[in-house]
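Being a predicted model, the structure only gives us computed values, none of them experimental.
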Amino acid sequence: MMMLLTIWLMSIQTVWAQSLSFQDLKETCDFPKGTISYTLPTEILPEISTFTWKVKVGEQEITDGKTLSDDTRTLTLPLSQETRTVEVSYTDANQATQTFSFNIEPKVYGNEYNGVKFYADAYAGGDGTKDNPFKINTDLQLAKLAQEVTNSKSQTMYSGKYFQLSDNIDLSKGIWMPIGTLNDTNAGFFGGTFDGDGKTISNMKIYWTAFDGKTEASWGLFSRLKGKDENNYATVTNLIIENASLETQKDNLPTGTGTVKIGIVASDLVNYAEVSNIIIRNSRITDHGAKYTAANVCRIGGIIGYLDNKNYRIFNLSSDTEINIHKNATLKKPDRVTVAGAIGCFGNWQNNKNNILPTNIYVHGKKMVTNEAGGSTGSVVAFYNSSYQKTYKTKYGATCPAHHDGKQAENL
């Protein structure tokens, strides 16, 4: 009788081993520490004797940062922007071995995973006034701002409030989602003042795509900036952005029919918005040379994607942004595609005494690669309304040099 019971238990253990899958693993994220862990369950495999874990990025096996628990039941890895493949083999007390694999996709800032927030609960200090701005000194605190603005019901969220970076920010733990809504044109815009205080935001990675219908897709550190009035501009200033990458994924190409707006700093300046004193280094906007049919309207700039026909202050900008986009894409409406090293496109310019026309804008770096079959390109500005040309000439007594100039280095 005892022998039969032993054989029966061994057979159950073998069945358990054969049925184990990724769904049986426990995933644990520690976002402040920047780690993610996977644990094999003791309740399913109580007699396991050995475990072996292999981690790969593509075909390259990696060991950096990989740690195992004392019984090797738990694998811990640093959070990453890369998709990683994990292979786990386990051998039980009866020498029965099974191997299965799974992918670890990058986590997205501002989201929750198994009830754990990939953003902070509070800022580092401050009350949001000009003299005592909200302090941001970690990536999770910056993600808190993104989460709040994106989910707000306001077109001028945090109008009259001030934020200040108090340390350099590294965003290499995950994929960035813009501060503000991606696809809602009625709410979720940033309306306050964001002062970088000369600090650097590095390693921002965004996977951009297009949506269908009338829905816009707005990609950048910020999506849309909209101030309240002449005394309350939405402002991003005094900031360095290093090694930013706005790129497509091969399984999520921008084939939607809605408008796409892309800018490293902001995709869209709606009204009463300022972008000033910005340096962008070693950054890129790319679709990796993919073949697809591009969206109807694309407004792409190395700094700002699109300026609406309202009030702005734009000055002292420097951008080293490599742009490689639409080279192998089919442009559905090429006359609606604008790509530039600084500002993709803008419309009418209102004559507000507080406005500052685009001044001291430097574009440098590698030559732009794009579709030669259509679209408008420019080193600083790809396309602007004739009213801007008239305003620029009246204000400065000169002709704006940045329309279809074909140059890669230019100062406006």
Side-chain angles (χ1 to χ4, degrees), residues 27-37 64-65 67 76-82 104-152 157-158 161-182 188 190 192-207 219-223 225 235-246 264-266 277-283:
E27 179 186 273
T28 304
C29 293
D30 189 331
F31 292 119
K33 289 184 178 179
T35 61
I36 187 168
S37 300
D64 290 349
T67 60
T76 301
L77 295 167
L79 290 167
S80 172
Q81 295 174 330
E82 303 292 338
I104 303 177
E105 298 296 336
K107 302 301 184 184
V108 178
Y109 280 102
N111 286 354
E112 292 188 20
Y113 297 91
N114 298 322
V116 180
K117 300 174 181 177
F118 198 1
Y119 56 93
D121 289 322
Y123 298 111
D127 59 12
T129 61
K130 186 175 183 179
D131 294 332
N132 188 23
F134 291 121
K135 297 293 194 302
I136 295 175
N137 60 19
T138 70
D139 57 337
L140 298 188
Q141 290 165 7
L142 188 64
K144 171 181 169 61
L145 176 60
Q147 196 273 341
E148 289 177 340
V149 177
T150 299
N151 291 287
S152 76
M157 179 66 173
Y158 280 125
K161 297 296 184 180
Y162 292 79
F163 295 80
Q164 185 182 65
L165 290 189
S166 49
D167 203 348
N168 296 325
I169 304 293
D170 184 351
L171 296 178
S172 60
K173 290 179 186 175
I175 304 302
W176 184 249
M177 294 299 283
I179 299 171
T181 180
L182 288 176
F190 181 73
T193 295
F194 183 90
D195 183 0
D197 196 33
K199 303 298 192 300
T200 299
I201 295 176
S202 60
N203 302 316
M204 177 180 72
K205 186 174 184 178
I206 292 174
Y207 286 134
W219 305 96
L221 175 62
F222 290 79
S223 60
L225 301 177
T235 299
V236 181
T237 189
N238 302 329
L239 179 65
I240 300 170
I241 298 177
E242 182 92 39
N243 193 36
S245 181
L246 279 67
I264 298 290
V265 177
N277 302 329
I278 304 289
I279 297 174
I280 300 173
R281 298 173 179 155
N282 188 34
S283 296

Going through the distances and angles, do Thr200 and Ile279 end up as a side chain to side chain contact (heavy atoms under 4.5 Å, CB included)? CA-CA 9 Å; Thr200 299; Ile279 297 174; over 6 Å; no
Go through it in stages, so that I can follow the logic: the residues are Phe134 and Gln141, the test is side chain to side chain contact (heavy atoms under 4.5 Å, CB included), and I'd like the CA-CA distance, side-chain angles, deciding distance and then a yes or no. CA-CA 10 Å; Phe134 291 121; Gln141 290 165 7; over 6 Å; no
Considering all heavy atoms of both residues, which atom of Pro32 and which atom of Lys173 are nearest to each other, and what is their separation? O-NZ, 3.5 Å
Which pair of non-hydrogen atoms, one from Ser223 and one from Gly180, has the smallest distance, and what is that distance? OG-C, 3.1 Å
Given the rule in the side chain to side chain contact (heavy atoms under 4.5 Å, CB included) test, do Tyr207 and Val108 qualify, once you have shown the distances and angles that lead to the verdict? CA-CA 10 Å; Tyr207 286 134; Val108 178; over 6 Å; no
Spacing of Thr138 atom OG1 and Asn168 atom CG [to the nearest 0.5 Å]: 12.5 Å
Is it the case that Lys107 places NZ or CZ above or below the six-membered ring of Phe31, under 6.0 angstrom from the centre and within 45 degrees of the axis? no
Consider only side-chain N and O atoms of Ser172 and Asp170, and report whether a donor and an acceptor are under 3.5 Å apart. yes
Say whether Asp195 and Tyr162, considering side chains only, have a donor N or O and an acceptor N or O under 3.5 Å apart. no
dist Thr129:OG1 -> Lys161:NZ (nearest 0.5 Å) comes out at 7.5 Å
Got a second to check how far Ile206's CD1 is from Ile175's CD1, nearest 0.5 Å? 9.0 Å
Atom OH of Tyr123 and atom CG of Leu140: how far apart are they, to the nearest 0.5 Å? 12.0 Å
Pair Glu27, Tyr113: side-chain N/O donor-acceptor within cut-off below 3.5 Å: no
Trp176 pairs by side chain to side chain contact (heavy atoms under 4.5 Å, CB included) with which of Asp139, Leu142, Ile201? Leu142
Ring geometry between Phe222 and Phe194 (parallel below 30°, tilted from 30 to 60°, perpendicular above 60°): perpendicular
Going by atom types alone, do Gln147 and Tyr109 pair a side-chain donor with an acceptor below 3.5 Å? no
Go through the side-chain N and O atoms of Asn238 and Asp197 and say whether any donor and acceptor fall under 3.5 Å apart. no
Is a donor on one side and an acceptor on the other found under 3.5 Å between the side chain of Ser152 and the backbone of Thr150? no
Would you give the length of the straight line joining atom CG of Leu165 to atom CG of Leu239, rounded to the nearest 0.5 angstrom? 6.5 Å
Can you measure from CD (Gln81) to CD (Glu105) and round to the nearest 0.5 angstrom? 13.5 Å
